[in-house]
Amino acid sequence: MDRDAIFNMSMQERIEYFNGRLAGGESYEDILASVGLTKKEAGQSEPYGLGLIKLGNEVKPKPGRGENGFAW
């Protein structure tokens, strides 16, 4: 999988891809390196990044902001 393919996936496909590889025993940093991404790019909101965060042993979408600019 390459960087462009990851950016063209839907959010759900990205989450399934990362969580599948994490379940296989790979580290988050190794997965990002194999795709050609940094942690900063993975955590940045779309369209500049993937909008993902790692919590525990799984990847989840980064929380959005509400109407008043506060995270929900």
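In this text, all values refer to a predicted model and were calculated from it rather than measured experimentally.
- Under the side-chain hydrogen bond (donor to acceptor under 3.5 Å, both in side chains) criterion, D30 pairs with S27, not counting sequence neighbours.
- For E13, the salt bridge (Lys or Arg N to Asp or Glu O under 4.0 Å) criterion is met by no residue, not counting sequence neighbours.
- Through chains of ILVMFWY side-chain contacts below 4.5 Å, V35 is grouped with M1, I6, F7, M9, M11, I15, Y17, F18, L22, Y28, I31, L32, L37, L50, L52, V59.
- In this view, E16 satisfies the salt bridge (Lys or Arg N to Asp or Glu O under 4.0 Å) rule with no residue, not counting sequence neighbours.
- The hydrophobic cluster of Y48 has no other members, since no ILVMFWY side-chain heavy atom comes under 4.5 Å of it.
- Applying the side-chain hydrogen bond (donor to acceptor under 3.5 Å, both in side chains) test to S45 and every residue at least two apart in sequence or in another chain returns nothing.
- Considering OG of S34 and CD of E26, their distance stands at 6.5 Å, rounded to 0.5 Å.
- Distance CD1/I53 to NZ/K62: 8.0 Å, rounded to 0.5 Å.
- In this structure, K54 contributes its side chain and G56 its backbone to a donor-acceptor pair below 3.5 Å.
- In this view, N57 satisfies the side-chain contact (heavy atoms from CB on, under 4.5 Å) rule with no residue, not counting sequence neighbours.
- Residues passing the side-chain contact (heavy atoms from CB on, under 4.5 Å) test with T38, sequence neighbours excluded: K40, E41.
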